[in-house]
Participant: 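This is the structure I have questions about; it appears just below.
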Amino acid sequence: MTTHPATPAENEPQPETGTDTETETGPGTGPAPRVLTEEELSRLLGEQQFGVLASVRRTGHPHLTTVLYSWDAKERVVRVSSTADRLKPRQLRTDPRAALHVNGPDVFSFAVAEGEAEVSDPAAVPGDAVSRELLSLTPGFDDPAAEAAFLAQVVADRRVVIRIRVSRLYGTALDIPAAD
């Protein structure tokens, strides 16, 4: 029987089971997702501007739309501007169940705000309550003429405010250490 010299791999020390080296390599051995706290979820919603709003179609299937939104943490309300004749407001008037999915600062984190939506009446007169609420969703205008034009435009567009009264927040983050 002939013996062969040991290969270099056999002579190198092998990592012990359960060490950090093992968790850094191989499929399914990385860190588990971390559930975000209520404070982290609210901060994430406040830091982002775009999300995916989900509503329910008559068929029961989800309808997803990318939206620009505003988060009011104190009131726990998400606000979205839309027009009265679009599909989303019509669906939410029929079935008010809604969810907003928001990506975190990286692809490993997200937040979801679920709740019941209400849809305002269309803005009817520049400066009415609905048009002022829509104005509050903007950064504001330094020029009074530009603000007046905005208020007139939301009336012309028949803009509405979708308000989601958030009853549940959830989300996770995957804390991956930075590469050295």
Side-chain angles (χ1 to χ4, degrees), residues 28 30-140 147 150-176:
R34 175 177 57 83
V35 175
L36 296 175
T37 66
E38 187 86 8
E39 183 180 310
E40 289 172 311
L41 292 162
S42 186
R43 186 173 50 249
L44 195 156
L45 286 169
E47 291 171 350
Q48 302 299 328
Q49 295 180 318
F50 291 94
V52 177
L53 182 58
S55 61
V56 182
R57 295 178 186 262
R58 271 187 242 158
T59 63
H61 293 91
H63 178 247
L64 306 171
T65 305
T66 301
V67 296
L68 180 66
Y69 72 92
S70 175
W71 167 241
D72 183 329
K74 189 171 155 185
E75 290 185 32
R76 288 180 64 94
V77 172
V78 171
R79 287 183 173 82
V80 175
S81 171
S82 188
T83 57
D85 57 344
R86 289 208 176 124
L87 183 59
K88 187 70 64 185
R90 292 194 325 256
Q91 287 174 331
L92 290 169
R93 283 188 179 107
T94 302
D95 185 339
R97 294 176 294 168
L100 178 74
H101 176 278
V102 176
N103 287 327
D106 55 54
V107 298
F108 303 111
S109 60
F110 71 93
V112 175
E114 290 181 349
E116 299 280 314
E118 59 188 44
V119 180
S120 73
D121 289 331
V125 176
D128 66 7
V130 173
S131 63
R132 288 283 169 196
E133 188 174 3
L134 289 161
L135 179 63
S136 76
L137 302 180
T138 72
E147 181 176 303
F150 172 85
L151 294 172
Q153 189 63 51
V154 298
V155 172
D157 292 346
R158 301 191 66 238
R159 290 228 158 246
V160 297
V161 178
I162 297 170
R163 297 177 206 95
I164 303 170
R165 307 246 177 238
V166 176
S167 56
R168 181 176 179 225
L169 285 175
Y170 64 91
T172 63
L174 189 59
D175 299 322
I176 297 180

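Worth knowing before you read on, the calculation uses all heavy atoms, side chains too, and leaves out hydrogens, waters and symmetry mates. Remember, it's a predicted structure, so these values are computed and weren't measured experimentally.
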Participant: With distance as the sole test, does Thr138 use its side chain to make a donor-acceptor pair with the main-chain N or O of Leu134 at under 3.5 Å?
Facilitator: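 No, Thr138 side chain to Leu134 backbone: no donor-acceptor pair under 3.5 Å.
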
Participant: I want to check something: taking the side chain as every heavy atom from C-beta on, are Pro31 and Asp175 in contact at a cut-off of under 4.5 Å?
Facilitator: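 No, too far: nothing below the 4.5 Å cut-off.
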
Participant: Ignoring hydrogens and geometry, is there a side-chain-to-backbone donor-acceptor pair from Asp128 to Val125 under 3.5 Å?
Facilitator: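 Yes; at least one donor-acceptor contact below 3.5 Å.
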
Participant: Just to verify, what does Arg97 make a salt bridge (charged side-chain N to carboxylate O under 4.0 Å, His left out) with, not counting sequence neighbours?
Facilitator: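 Partners of Arg97 by the salt bridge (charged side-chain N to carboxylate O under 4.0 Å, His left out) criterion, ordered by chain and then number, come out as Asp95.
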
Participant: Any side-chain heavy atom of Val77 sitting closer than 4.5 Å to one from Ile164?
Facilitator: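 No, every pair of side-chain atoms sits at 4.5 Å or beyond.
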
Participant: Kindly say whether Gly115 contributes a backbone atom to a donor-acceptor pair with the side chain of Arg165 at under 3.5 angstrom?
Facilitator: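 Pair absent, no side-chain N/O of Arg165 close to backbone of Gly115.
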
Participant: When you measure from the side chain of Asn103 to the backbone N and O of Asp106, does any donor-acceptor pair fall under 3.5 Å?
Facilitator: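 Checking the backbone N and O of Asp106 against the side chain of Asn103, no donor-acceptor pair under 3.5 Å is found.
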
Participant: Does Tyr170 use its side chain to pair, donor to acceptor, with the backbone of Leu36 at less than 3.5 Å?
Facilitator: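 Side chain of Tyr170 to backbone of Leu36, a donor-acceptor pair under 3.5 Å: no, none is there.
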
Participant: Is it the case that Ser81 and Arg159 place a side-chain donor and acceptor less than 3.5 Å from each other?
Facilitator: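 Side chains of Ser81 and Arg159: pair found under 3.5 Å.
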
Participant: With a 4.5 Å limit on heavy-atom distance, are the side chains of Leu100 and Val67 in contact?
Facilitator: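 Yes - at least one pair of side-chain heavy atoms lies under 4.5 Å apart.
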
Participant: Is atom CZ of Arg76 surrounded by more than 12 heavy atoms (other residues, nucleotides or ligands) closer than 6.0 Å?
Facilitator: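 Yes - once you tally the heavy atoms of other residues, nucleotides and ligands closer than 6.0 Å, there are more than 12.
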
Participant: Do Phe110 and Val102 have side-chain heavy atoms sitting under 4.5 Å apart?
Facilitator: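 No, side chains not in contact.
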
Participant: How many angstroms lie between CD in Glu47 and CG in Leu44, if you round to the nearest 0.5 Å?
Facilitator: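 The CD atom of Glu47 sits 6.5 Å away from the CG atom of Leu44.
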
Participant: Supply the atom-to-atom distance Leu169 CG to Glu114 CD, rounded to the nearest 0.5 angstrom.
Facilitator: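 Leu169 atom CG to Glu114 atom CD measures 9.0 Å (nearest 0.5 Å).
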
Participant: Evaluate the side-chain proximity of Arg132 to Leu151: yes if any heavy-atom separation is below 4.5 Å, no if none is.
Facilitator: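 Answer yes - side chains close enough.
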
Participant: Measure the spacing between CD of Glu147 and OG of Ser131 and express it to the nearest 0.5 Å.
Facilitator: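 So the gap between those two atoms works out to 9.5 Å.
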
Participant: Taking atom CD1 of Ile162 and atom OG of Ser120, what is their separation to the nearest 0.5 Å?
Facilitator: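 Spacing of CD1 (Ile162) from OG (Ser120) equals 8.5 Å.
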
Participant: Indicate yes or no: at least one non-hydrogen side-chain atom of Gln48 is less than 4.5 angstrom from one of Tyr69.
Facilitator: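 Side chain of Gln48 against side chain of Tyr69, heavy atoms only: contact under 4.5 Å found.
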
Participant: Donor-acceptor pair, Ser42 side chain versus Glu38 backbone, under 3.5 Å?
Facilitator: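 The answer is no, because no donor-acceptor pair under 3.5 Å joins these two groups.
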
Participant: Is the number of heavy atoms from other residues, nucleotides or ligands under 6.0 Å of Glu116 CD greater than 12?
Facilitator: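 Result for CD/Glu116: enclosed.
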
Participant: Is it true that Lys88 and Ser82 share a donor-acceptor pair across their side chains at a distance under 3.5 Å?
Facilitator: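 No donor-acceptor contact under 3.5 Å links the two side chains.
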
Participant: Regarding Thr37 and Glu40, do their side chains bring together a donor and an acceptor under 3.5 Å, going by distance alone?
Facilitator: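 Short answer, yes.
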
